[in-house]
Amino acid sequence: MILNKYSKAITQDPSQPAAKAMLHAIGLRSEDFPKPFVGIASTGYEGNPCNMHLNDLSLKIKEGVINSGLVGLIFNTIGVSDGISMGTQGMRYSLPSRDIIADSIETVVQAMAYDAVITVVGCDKNMPGALMSMLRLNRPSILVYGGTIAPGCHNGKKLDVVSAFEAWGEKVSGKINDEDFLNVIKNACPGAGACGGMYTANTMSSAIEAMGMSIPYNSSNPATSKNKLDECNEIGFYIDNLIKKDIKPLDILKKESIINAVKLISVLGGSTNAVLHILAIARCANIDFTINDFKEISEATPFLADLKPSGKFLMEDLHHVGGIPGVMKYMLEEGLLNGDCMSVTGKTISENLKKIKPLDSDQKIIQPISNPIKKSGHIRILYGNIASKGSVAKITGKEGLLFSGKAIVFNSEQEANDGIKEGKVKKGSVVVIRYVGPKGGPGMPEMLKPTSAIMGSGLGKDVALITDGRFSGGTHGFVVGHICPEAQDGGNIALIENGDKITINTIDNSIDVELSEKELSIRRSYWVKPDLKFKRGILYKYCKSVSNASNGCVTDL
């Protein structure tokens, strides 16, 4: 078998002397040229705790690759910190960064003729972007997640980044003073690693481990632990094995793998962003998977995990009682997981889990199936006259199953934040934030700041929020996002007025405004499509190419 299938075009072709000269210039020797070249794509950069340590992990991975008799070559791609950009205009760039990451990794690996790829990722969009590129390339590949952050602490209470967001709502409502507010901010994020709850980063890393595209414990090993360094040391062995056995991403990722991932997300109470990302991942793998598949899987899978944002515990706590492999082993034993799916270890999920220790017998994080937090999953796909093409709700059961109230409408996130701060949002309101969709935002920014302000001000159980934008994995409360069609495209969310009665029913999965078709038609006749907010640059290109949320916001339809 030819192991240097792609790099041989550069290293073995006598008509490419300049290429060999340049490879000598970077320190390679003639004896390295017959070896497989492995691209190590790092999303490391200094500006974000989720990513600040990834370049160091990449160096550790490169050592293991070289020790396995391969050539390891590190390159970088971009990242956007959701936590830092949240609530600002910068959040518009977060979701588009997923596709830039995918495009850039694909570009480097193709252009530089690498035989395999290892992606080293941290923040939310890194993981789906990296996996999308791996599927497009379909060369032996492994994803390595940088790991979760340790919890912060103030006044004996564990903190994470969402604690800081919610502290703003507590301060605005007078529940805490300035000193406590500042202490929460100073202590919420103690160092390297991705946001600690079952937010988007930990959701997607867990899902990707369940898909078989990362090695066991990758998603739950903490960022600064010895376990994470040991894991990085092993990656060279695993990528060498994949190259020799010619096991590629499309050999691993099947519809059954995606179903495993969605079931795990349902058990864990993961982020609604997983809907967007898994739809995009499935498209890259040419797998027929829609929002209605999410609906069916979620309805049939119990919600078991007492993890933040709706629960008490963090990913590091789960690590100490058995981690994601422990959860997967429990799911397999209960018939919730397909163990026949292949993984990057070269073994099936069942084979991987055979030697895994079960969850600690006295642990309190994962409820037994006989006593679930909720008998069905938290991700609900809702349809109705507000969302004829679908929407996504995150309902853990703690918020109730039905909400009906009068609309208070905001045409931007900033308007909503100001309205909450000024006390315009009252008990019984349905907050409507629109023109923040894929095209209208543009970039479908996350609405964590307004949802956190609502929770922090004590209105979490008395207010609902709907939007054509999306939510952070840190969002909780009675919220519905991904409303499709979005306002920018003339969806009915654009026609809602203050005082209209909106009903969200997660029993029959509906979302409707109490208006007749005649009234909606009259309002539509007066509606004027707004101009796009950008006329050039990446966000303009994104507006012109992005699909709707129900198709995963992909840019290659």
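Keep in mind that what you see is a predicted model, and the values were worked out from it rather than measured.
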Practice task
Measure the NZ-CG distance between Lys544 and Leu532 for me, rounded to the nearest 0.5 Å.
Solution key: 6.5 Å
Exercise for the section: Compare every heavy atom of Trp527 with every heavy atom of Ala494, then report the nearest pair and how far apart it is. Expected result: CB-NE1, 3.6 Å
Problem - Trace of the side-chain contact (heavy atoms from CB on, under 4.5 Å) decision for Ile324 with Met315 - result: CA-CA 9 Å; Ile324 292 302; Met315 182 61 117; 4.0 Å; yes
Practice task
Give, for atom CZ of Phe313 and atom CD1 of Ile365, the distance between the pair rounded to the nearest 0.5 Å.
Solution key: 5.5 Å
Exercise for the section: Please indicate whether Lys427 has more than 12 foreign heavy atoms, meaning atoms of other residues, nucleotides or ligands, lying under 6.0 Å from its NZ. Expected result: no
Problem - Sub-4.5 Å side-chain heavy-atom contact between Tyr383 and Ile291 - result: yes
Fill in the blank from the handout: Between Arg136 and Asp103, the two heavy atoms sitting closest are NH1-OD1, 2.8 Å
Exercise for the section: Ignoring hydrogens and angles, state whether a donor on the side chain of Glu296 or Asn292 is under 3.5 Å from an acceptor on the partner side chain. Expected result: no
Problem - Euclidean distance, Asn551 CG relative to Lys389 NZ, rounded to 0.5 Å - result: 8.0 Å
Exercise for the section: Please determine if Lys312 and Asp317 form a salt bridge, counting it only when a charged side-chain N lies under 4.0 Å from a carboxylate O. Expected result: no
Exercise for the section: Please lay out, stage by stage, how Asp160 and Ser163 fare under the test side-chain hydrogen bond (donor to acceptor under 3.5 Å, both in side chains). Expected result: CA-CA 5 Å; Asp160 64 1; Ser163 307; 3.1 Å; yes
Exercise for the section: Take atom NZ of Lys533 as the centre, draw a 6.0 Å sphere, and report whether it contains more than 12 heavy atoms from other residues, nucleotides or ligands. Expected result: yes
Fill in the blank from the handout: dist Phe403:CZ -> Ile502:CD1 (nearest 0.5 Å) comes out at 10.0 Å
Exercise for the section: Report the relative orientation of the aromatic rings in Tyr93 and Phe534; use parallel for angles under 30°, tilted for 30 to 60°, perpendicular for over 60°. Expected result: perpendicular
Practice task
With sequence neighbours left out, write down each residue that passes ring-ring contact (aromatic ring centres under 6.0 Å, His included) with Phe410, or none if nothing qualifies.
Solution key: none
Exercise for the section: Check whether any side-chain N or O of Thr200 sits under 3.5 Å from a backbone N or O of Asp124 as a donor-acceptor pair, and report yes or no. Expected result: no
Problem - Donor-acceptor contact present, side-chain Asp512 to main-chain Thr503, <3.5 Å - result: no
Practice task
Looking only at non-hydrogen atoms, find the nearest pair between Gln367 and Pro372 and report the distance.
Solution key: CB-CA, 4.4 Å
Practice task
Please tell me if the side chains of Ile511 and Ile483 come closer than 4.5 Å, counting only heavy atoms from C-beta onward.
Solution key: yes
Problem - Closest non-hydrogen atom pair between Ser133 and Glu106, with its separation - result: CB-N, 4.0 Å
Exercise for the section: Check for a donor-acceptor pair, side chain of Gln488 on one end and backbone N or O of Pro530 on the other, with a separation under 3.5 Å. Expected result: yes
Fill in the blank from the handout: Paired with Ile381, the side chain to side chain contact (heavy atoms under 4.5 Å, CB included) test is passed by just one of Val392, Asp293, Asn509, namely Val392
Problem - Polar side-chain atom of Lys255 near backbone of Asp288 as donor-acceptor pair, under 3.5 Å - result: yes
Exercise for the section: Taking all non-hydrogen atoms of both residues into account, name the closest pair between Ala102 and Met132 and its distance. Expected result: CB-CB, 4.0 Å
Handout entry: Electrostatic pair Lys364-Asp306, nearest N-O below 4.0 angstrom
Key = no
Handout entry: Minimum side-chain heavy-atom gap His319-Thr148 below 4.5 Å
Key = no
Exercise for the section: Determine, for Asp500 against Arg523, whether the closest basic-nitrogen to carboxylate-oxygen distance falls under 4.0 angstrom. Expected result: yes
Handout entry: CA sep, side-chain torsions, deciding dist, call: Asn126, Tyr145, side-chain hydrogen bond (donor to acceptor under 3.5 Å, both in side chains)
Key = CA-CA 9 Å; Asn126 301 174; Tyr145 174 50; over 6 Å; no
Practice task
Report yes if some heavy atom in the side chain of Ile265 is under 4.5 Å from a heavy atom in the side chain of Thr203; otherwise report no.
Solution key: yes
Handout entry: Any His277 side-chain heavy atom under 4.5 Å of Leu95 side chain
Key = yes
Practice task
Examine distances only and state if a side-chain atom of Glu486 and a backbone atom of Gly440 form a donor-acceptor pair shorter than 3.5 Å.
Solution key: yes
Practice task
Flag the pair Val554 / Arg98 as yes when at least one side-chain heavy-atom distance between them is below 4.5 Å, and no otherwise.
Solution key: yes
Problem - Plane angle bin for Phe303 and His378 - parallel if under 30°, tilted between 30 and 60°, otherwise perpendicular - result: tilted
Exercise for the section: Take Ile369 and Tyr330, measure what side-chain contact (heavy atoms from CB on, under 4.5 Å) needs, and give me the verdict at the end. Expected result: CA-CA 10 Å; Ile369 285 177; Tyr330 179 67; 3.8 Å; yes
Handout entry: Leu520 side chain near Asn492 side chain, heavy-atom distance below 4.5 Å
Key = yes
Exercise for the section: Compute whether any side-chain donor of one residue and acceptor of the other, for Ser219 and Ser205, lie under 3.5 angstrom apart. Expected result: no
Practice task
Keeping to residues at least two apart or across chains, list the salt bridge (Lys or Arg N to Asp or Glu O under 4.0 Å) pairs with something in residues 465-479.
Solution key: Glu446-Arg470
Practice task
Could you tell me whether a side-chain N or O of Ser429 sits under 3.5 Å from a main-chain N or O of Val431, the two making a donor and an acceptor?
Solution key: no
Exercise for the section: Using atom types as modelled and distance alone, determine if a side-chain donor or acceptor of Arg434 lies under 3.5 Å from a backbone N or O of Ala487. Expected result: no
Practice task
Ignoring hydrogens and angles, tell me if any N or O in the side chain of Asn273 forms a donor-acceptor pair with the backbone of Phe471 under 3.5 Å.
Solution key: yes
Practice task
Verify side-chain contact (heavy atoms from CB on, under 4.5 Å) between Lys308 and Val162, making sure each step is shown before the conclusion.
Solution key: CA-CA 9 Å; Lys308 286 193 173 191; Val162 176; over 6 Å; no
Problem - From CA spacing to verdict: side-chain hydrogen bond (donor to acceptor under 3.5 Å, both in side chains), Glu256, Asn260 - result: CA-CA 6 Å; Glu256 293 76 15; Asn260 278 348; over 6 Å; no
Problem - Approximate separation, where rounding is to 0.5 Å, of Lys394 NZ and His482 NE2 - result: 10.5 Å
Handout entry: For Met91, the option from Ser472, Ser81, Pro445 that meets side chain to side chain contact (heavy atoms under 4.5 Å, CB included)
Key = Pro445
Exercise for the section: May I ask you to decide if Ile297's main-chain N or O and Thr301's side chain share a donor-acceptor pair within less than 3.5 Å? Expected result: yes
Problem - Pairwise distance CG(Leu279) to CD1(Ile258) - rounded to 0.5 angstrom - result: 9.0 Å
Exercise for the section: Check the side chains of Ser104 and Thr77 for a donor-acceptor pair under 3.5 angstrom, ignoring hydrogens and angles. Expected result: yes
Problem - With Asp340 via salt bridge (charged side-chain N to carboxylate O under 4.0 Å, His left out) - residues at least two apart - result: none
Handout entry: Atom NZ of Lys175: over 12 foreign heavy atoms under 6.0 Å
Key = yes
Problem - Heavy-atom side-chain contact between Leu336 and Pro302 under 4.5 Å - result: yes
Practice task
Taking all heavy atoms of Val432 and all of Ala407, pick out the closest pair and write down the distance.
Solution key: CG2-CB, 4.1 Å
Handout entry: Any donor-acceptor pair under 3.5 Å from Ser391 side chain to Leu382 backbone
Key = yes
Handout entry: Distance-only donor-acceptor check, side chains Ser510 and Asp508, under 3.5 Å
Key = yes
